[in-house]
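Okay, so here's the structure we're looking at.
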Amino acid sequence: MPTRQPMRIRPRRTTGDLLAGLGALAVLVALLGGVPYALLRLAGPPLTPELLDLDLLTSRVGTGTIVAILVLLVWLAWLQLVACVLVELYAGIRRVGMPARVPLAGGTQALANRLVSAVLLLFTVSAVAVPLLRPAGPPADRPAAVAAGTSPLAAPAAAERAPLVPVGKAKKVYVVQPPHGRHHESLWEIAEKCLGDGRRYPEIYRLNQHKEQPDGSRLRIADLIRPGWVLDMPDDARNVHIVPAAQPRPATLDDHPDRPAELDGRTRYVVPGGAGLPAEAPAESRERPAVRPEPVPERADPPAEADRAPAAPEAEGSPGSGDSTGSPGSGGAGSEGPGAEGSGAEGPGSADEGDPGRGSGDSVGSGDAGLGMLDYLAGASLAAAGLLAALGRRRREQLWHRAFGRRIVRPREDAAQAELALRLGADAPGSRMLDIGLRLLGRSLAAAGRVPPTVYAAHLSPRHLDLWIHPPDPDAPAPWAAHDGGQVWRLPAHEGRMLDEAALADAPAPYPGLVSLGGDGEGRVLVDLEAAHGLIAVRGAQTTAALAALAVELATNRWSDRMRVTLVGFGEELTVIAPERIRCASGLEEVLPELEAEARAAADRGHGAEVLTGRIHGRAGDPVWSPHYLLSAIPPTAEEARRLAVLARTGARTAAGYVIAGDVPHATWNWEIDGDGRVRVDALGFEVAAQLLPRRQYRALVELFLTARRMEGEPVDDEAGPVTPDPSVEVRILGPIEIAGPPPMEEGRAGLAVEMVVYLATHPGGVHPVVLGGVLWPRGVQAVVRDATIARVVAWLGADSEGRPNLYADESGRLRLGPGVRTDWMLFRELVRRSHADAAARAVLLEQALGLVRGPLLNGRPRGRYAWLAADDLEYDVAAGVADAAHRACEVWLAAGEPGRAVAAVRAGLLLAADDEGLWRDLLRATHRTGDPARLRAVAEALHRRAESHPYGGGMAPETEALIDELLPAWRMSSAPSA
């Protein structure tokens, strides 16, 4: 169908325009010329002799002085009017857009604006100054009506301007811009710029969640957007591209290949059947790209340009010079670096539909490639926190069995990437607030003798924790507050951070069945499996992946005490993560008799509320009615479904939850997971991005925990490189991070620069910039941002005393630190190496090496940074190397009859390797050799308290307890009251 071509509309002036212009010109001449003439004739110059009298401030003020002051004020008002007219004339003639504001001239400048605009109509139609204040009524002549669903383009005051093309039904899209310096666009900033309010970013998130982007990936987490993505926008958005409403999304993506709308100050309008027409933006828009008014399309001039209708120019990425600190909303994802490879990871529906617990030899689906590990494991923030705590307990057990001269086995390949994702995504503060807040709630209700409400769901965000309760109750115990008529109880985050964890250590967990359903872009949505009081049916795509995610979080969360999780038809390997909580069965017929027996035994325990009441009056170590949750990936037969329904109704009087895959008759809740990975709960009205654990992530987690069960250890790398005796830059990592030598760096950029230097310093073989980008920006980064950050660090480190750069690229393009850079770890290893060869000076050299230890490795590192340690040897080598050096120093000093110096050596090692119980046993032996029983008792009690309060739990190693029994037989009686 032929497209209507744009036409030039010949400007014309109406009689009204001429009369208005002539009248405005007469008024301007009268104001600019007549006012000063009248003032000079009737009142004289601005400064009269009365005002020039030096005695004015001390003498009596007369009538003449007051008149002189009033005349001066009239002159000043006239001068202000002249300034306003000049500003408006300049803006109208030069077309600079919004005129500059004259100070203290609001009404005066508005009057000047209208007069100048009317006068300019006498000479040109298009040179009209943009009004500061829009008139209250609509303009006399309006453009043709715009179809529903679109926003009319802003039109100038002149009514003669006609649209260049016919306007049809359209929609709006925005292209995410590449980073500019340190600035990376976020959904908040896009909402602020295009919608006028950053708090409207959830609207953009909901419009675009799980929609395919040009690079093949999809938006799943609100703070992960990437340059070049095409975002659908609400109808009232500004500074956007306009495309036909009926245009398929693939065509929209093809029309906007990495073309941000505003990098060149132009907005691209696309019309049905026509080419894109670039429209010139106002000058202010070009000068201030951060927040700008909606561009007004100018009339094409000359005609030839309008006839050609050129496409919008390619957007050029600005040479970013800053760093990405990983703040929420950072859009610093790009196509460079290993972290960005395979960024076309598809949604959860593309992963295998099979059982994640079976068929371990099957190939991994393409949907799990690239960033999939981050998409799923890092996105499950509460589960990640629980998994890291469980992993920490396994690592403690590995350290119990570590032999001197060996390090614990570290994960590799997918297992290492899984731990990296867990470290990036873990929300330990949120998990703590959920745990302590619920325990405090239960204790407060118990103290008041109140029946705890049923909690159907919870929402955890960085700002607060919300509980949806039944029945509504406006009387929430402090620091909780009631909202929405008592239907929601809220705990603000600042109150949750101040809760005393130690004071609530013995408080039971009142709602252990809370488990993450998924995320809504603002936080995590949790549901209580017990609150269903019946069966929960899970249907649709990825049901087994959803069940696996539920199982992992239930088995590792910290807001429950003792529990059992029975997995039917999947998850046999998950027992390696939490063997004390998880058990597996091959079919429902295997577990139904046991569940029915438990239900009959609990039939006379009371109603559901009594379960909660009993819980809040119990103890954390011995919970009342330990909960039992059944997760089945095998759909039940008709008879099994009937028995399950009876069990679920009986389960209302116990602590139980039943989640069954497939269509289950008489289910209380139905969870529907669609192909895009969104889950809907019909009874609760929720629709969120489901928390899933697809096959590849499942296997990686299992392999990670299998690695943590290996007790044999592996050899430590003892090779030490050359050490600079007089470095120009010293990198200290054996304790708080310090970079000595270069000048201080700007605080906002120092974190990333220091991490880059630490990584390069601990990898002396050199690192390619692409690899470095993937390490420092795991979610991806644009090459310009990466290279600008490297250039900044090169300039910061400078050169050594011989003029050699402290950071350079070698012939192969790998980045290396120069010979003038030294780390305390390099010096430590060199001193230990020399101690092996020099028996006479061994003790002194080991003492010097241990003197470099100031605390835990990289102590004080920012949360979310240095996640690369999970897939690196450094953390394992340093802990083993320091512990071994302290052990050898202890042996040397004990052999020399210096138990005091042996104690000092071991304590130095414990500053960094505090979990190595081999060192604690050395400390016990060395302290015993001092002959001071009180000192030995203090060490034993400190070790006991530390083991009892350790965040990973687990007590102390049996060998350590046996040694204390041998050296201090009565220690158990003295420590019993505090146990």
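Scope of the values below: all heavy atoms of this structure, side chains included, with no hydrogens, waters or symmetry mates.
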Do Arg786 and Leu772 come within less than 4.5 Å of each other through their side chains, counting heavy atoms only?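 No, every pair of side-chain atoms sits at 4.5 Å or beyond.
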Check whether any side-chain heavy atom of Leu387 lies under 4.5 Å from a side-chain heavy atom of Glu419, and answer yes or no.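 No, side chains not in contact.
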Kindly state each residue pair satisfying side-chain hydrogen bond (donor to acceptor under 3.5 Å, both in side chains) with at least one member in residues 896-909, sequence neighbours excluded. Glu847-Arg901
Answer yes or no: is there an ion pair linking [X] with [Y], defined by an N-O contact shorter than 4.0 Å?
X: Glu730; Y: Arg732; answer: yes
X: Asp884; Y: Arg407; answer: no
X: Asp922; Y: Arg888; answer: no
X: Arg854; Y: Glu738; answer: yes
X: Asp435; Y: Arg439; answer: yes
X: Glu875; Y: Arg410; answer: no
X: Arg699; Y: Asp414; answer: no
X: Arg834; Y: Asp838; answer: no

Let's go through Phe828 and Val853 carefully: what are the C-alpha distance in whole Å and the side-chain angles of both, what is the deciding distance for side chain to side chain contact (heavy atoms under 4.5 Å, CB included) to 0.1 Å, and is it a yes or a no? CA-CA 9 Å; Phe828 181 96; Val853 178; 4.2 Å; yes
Before giving the answer on side-chain hydrogen bond (donor to acceptor under 3.5 Å, both in side chains), spell out for Ser560 and Arg581 the whole-Å C-alpha distance, their side-chain angles and the decisive distance to 0.1 Å. CA-CA 11 Å; Ser560 60; Arg581 288 191 175 185; 3.2 Å; yes
Is it true that atom [atom1] of [X] has more than 12 heavy atoms of other residues, nucleotides or ligands lying nearer than 6.0 Å?
X: Asp500; atom1: CG; value: yes
X: Glu413; atom1: CD; value: no
X: Arg929; atom1: CZ; value: no
X: Arg412; atom1: CZ; value: yes

Trace of the salt bridge (charged side-chain N to carboxylate O under 4.0 Å, His left out) decision for Arg393 with Glu397: CA-CA 7 Å; Arg393 288 191 289 270; Glu397 295 176 6; over 6 Å; no
For residues [X] and [Y], is any side-chain donor paired with an opposing acceptor at under 3.5 Å?
X: Asn557; Y: Ser431; value: no
X: Arg921; Y: Thr960; value: yes
X: Thr707; Y: Arg394; value: no

If every non-hydrogen atom of Leu388 is compared with every non-hydrogen atom of Leu422, which pair is closest and at what distance?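 Shortest heavy-atom contact: CD1-O, 3.7 Å.
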Between Ala913 and Leu910, which heavy-atom pair has the shortest distance, and what is it? O-CD2, 3.7 Å
Glu891 and His887: CA distance, side-chain angles, deciding distance, side-chain hydrogen bond (donor to acceptor under 3.5 Å, both in side chains) verdict: CA-CA 6 Å; Glu891 289 183 330; His887 171 69; 3.1 Å; yes
Main chain of Thr927, side chain of Thr930: is a donor-acceptor contact present, judged purely on distance under 3.5 Å? yes
Would you sort out whether Leu734 and Leu912 count as a side chain to side chain contact (heavy atoms under 4.5 Å, CB included), showing the intermediate values? CA-CA 7 Å; Leu734 302 180; Leu912 190 143; 3.9 Å; yes
Pair Val731, Asp824 - check side chain to side chain contact (heavy atoms under 4.5 Å, CB included), show working. CA-CA 6 Å; Val731 183; Asp824 53 356; over 6 Å; no
Salt bridge (charged side-chain N to carboxylate O under 4.0 Å, His left out) between Glu501 and Arg432, worked out: CA-CA 9 Å; Glu501 185 170 349; Arg432 176 192 179 276; 3.3 Å; yes
His763 vs Tyr759 aromatic rings, parallel, tilted or perpendicular, using cut-offs 30° and 60°?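 His763 vs Tyr759 ring planes: parallel.
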Yes or no on side chain to side chain contact (heavy atoms under 4.5 Å, CB included) for Leu815 and His768, after CA distance, side-chain angles and deciding distance? CA-CA 6 Å; Leu815 295 172; His768 194 277; over 6 Å; no
